[in-house]
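Throughout, numbering of the chain's residues begins at 1 and tracks the sequence.
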Amino acid sequence: MSGLVLKLAPKERILINGAVIENGERRSRFSIVTPNANILRLRDAIHPEEVNTPVRRVCYIAQLVLSGDADPQDAKTQLMRGVEQLSQVLTDSDSRKILGRATSEIQSEQYYQALKSLRSLLPREARLFSSGDCQ
């Protein structure tokens, strides 16, 4: 059996297909076996006022699909366009690998995995902005 495995901290909240679920007092582990379930860890959620960089914008689009606030097909087009734009700037091999993985996940409509991949670019983007390499 394959699928997404979530390990939740005590009192951690997740959004599954539009329903907010809060974990109990102990750590828990869930296996999501339903394909294409929309899942978002609320601790990882990006708030609209935080969407202020290129990577955050692309992550936010994926998040909107997972929260049920965006049409997956419309978002898929926007995500692919966003990943293409990021690939024009993030040209190192590690970033290329991550963007390639995100592209595959978007094409196969694995939006949680795509968001997870894209989020791994946030520290890199922050370093680029802080070093002044991006204007």
Side-chain angles (χ1 to χ4, degrees):
M1 174 188 317
S2 66
L4 178 65
V5 176
L6 294 174
K7 296 175 185 173
L8 302 178
K11 297 292 185 182
E12 183 174 359
R13 291 180 177 187
I14 57 173
L15 183 74
I16 300 179
N17 290 339
V20 175
I21 299 169
E22 183 176 87
N23 191 24
E25 299 293 328
R26 298 185 196 175
R27 295 183 70 73
S28 298
R29 178 182 155 144
F30 290 94
S31 295
I32 309 297
V33 295
T34 302
N36 301 319
N38 292 324
I39 298 164
L40 176 65
R41 285 177 178 270
L42 295 182
R43 72 175 183 198
D44 294 336
I46 298 172
H47 299 278
E49 64 276 3
E50 298 170 336
V51 182
N52 53 10
T53 67
V55 174
R56 284 182 176 273
R57 284 184 194 102
V58 178
C59 288
Y60 191 69
I61 295 166
Q63 179 179 303
L64 289 175
V65 173
L66 295 173
S67 67
D69 293 317
D71 176 67
Q73 289 309 307
D74 292 341
K76 189 175 188 177
T77 302
Q78 292 178 27
L79 284 165
M80 294 301 289
R81 198 172 294 133
V83 167
E84 177 58 32
Q85 291 169 352
L86 291 174
S87 72
Q88 301 298 314
V89 177
L90 301 171
T91 58
D92 63 280
S93 63
D94 288 341
S95 295
R96 291 284 183 163
K97 203 176 296 182
I98 292 167
L99 291 168
R101 186 171 57 237
T103 297
S104 297
E105 292 159 348
I106 293 163
Q107 288 173 336
S108 62
E109 299 179 355
Q110 299 297 314
Y111 296 107
Y112 181 85
Q113 296 299 339
L115 176 59
K116 189 174 172 183
S117 293
L118 291 165
R119 284 183 64 80
S120 71
L121 293 171
L122 289 170
R124 186 171 311 220
E125 180 185 54
R127 284 192 305 273
L128 287 171
F129 277 118
S130 69
S131 71
D133 289 345
C134 291
Q135 298 297 324

(Q) Under the criterion side chain to side chain contact (heavy atoms under 4.5 Å, CB included), I'd like the reasoning laid out for Glu25 against Lys11: C-alpha separation, chi angles, the key distance, then a yes or no. (A) CA-CA 6 Å; Glu25 299 293 328; Lys11 297 292 185 182; 3.1 Å; yes
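Residues Arg26 and Pro10 are not in side-chain contact: their nearest non-hydrogen atoms beyond the backbone lie 4.5 Å or more apart. Proximity of Gln107 to Met80: side-chain heavy atoms (C-beta onward) are separated by under 4.5 Å at one or more points. Taking the side chain as every heavy atom from C-beta outward, Ile32 and Tyr112 never approach each other to under 4.5 Å. Val58 is listed as a side-chain neighbour of Leu79, based on a closest heavy-atom distance under 4.5 Å. Between Leu6 and Arg41, some side-chain heavy-atom pair lies under the 4.5 Å cut-off.
For the atom pair CZ of Arg29 and NZ of Lys7, the computed distance is 5.5 Å after rounding to the nearest 0.5 Å. With rounding to the nearest 0.5 Å, the separation of CG in Asp44 from CG in Leu115 is 7.5 Å. To the nearest 0.5 angstrom, Leu15 atom CG is 8.0 Å from Ile21 atom CD1. One finds the CD atom of Glu125 at 11.0 Å from the CZ atom of Arg127 (value rounded to the nearest 0.5 Å). Here Asn38 contributes atom CG and Leu64 contributes atom CG; the two are 11.5 Å apart, rounded to the nearest 0.5 Å. To the nearest 0.5 Å, the span separating CZ on Arg101 from NZ on Lys116 amounts to 9.0 Å.
A donor-acceptor pair is defined here as one N or O able to donate and one able to accept, closer than 3.5 Å; no such pair exists between the side chain of Arg13 and the backbone of Arg43. With hydrogens and angles disregarded, a donor-acceptor distance shorter than 3.5 Å links the side chain of Gln63 to the backbone of Ile46. Side-chain N or O atoms of Ser117 include one that pairs as donor or acceptor with a backbone N or O of Gln113 at under 3.5 Å. Side chain of Asn23 to main chain of Ala9: a donor-acceptor pair is present (N/O by atom type, distance under 3.5 Å, no hydrogens or angles).
Taken together through direct or relayed side-chain contacts under 4.5 Å among Ile, Leu, Val, Met, Phe, Trp and Tyr, Leu42 and Leu122 form part of one hydrophobic cluster. Hydrophobic clustering of Ile, Leu, Val, Met, Phe, Trp and Tyr side chains at less than 4.5 Å, counting indirect connections, unites Ile16 with Val20. Under the 4.5 Å side-chain heavy-atom criterion for grouping Ile, Leu, Val, Met, Phe, Trp and Tyr, Val65 is connected to Leu99 within one hydrophobic cluster. When hydrophobic clusters are built by joining Ile, Leu, Val, Met, Phe, Trp and Tyr residues whose side-chain heavy atoms come closer than 4.5 Å, directly or via intermediates, Val55 is not grouped with Tyr60.
Applying the side chain to side chain contact (heavy atoms under 4.5 Å, CB included) rule to Asp94 yields the partners Asp92, Arg124; only residues at least two apart in sequence or on another chain are considered. With sequence neighbours excluded, the residues satisfying side chain to side chain contact (heavy atoms under 4.5 Å, CB included) with Gln73 are Asp71, Lys76, Glu109.
Across Pro72 and Tyr111, no two heavy atoms sit closer than the pair O-OH, 3.3 Å.
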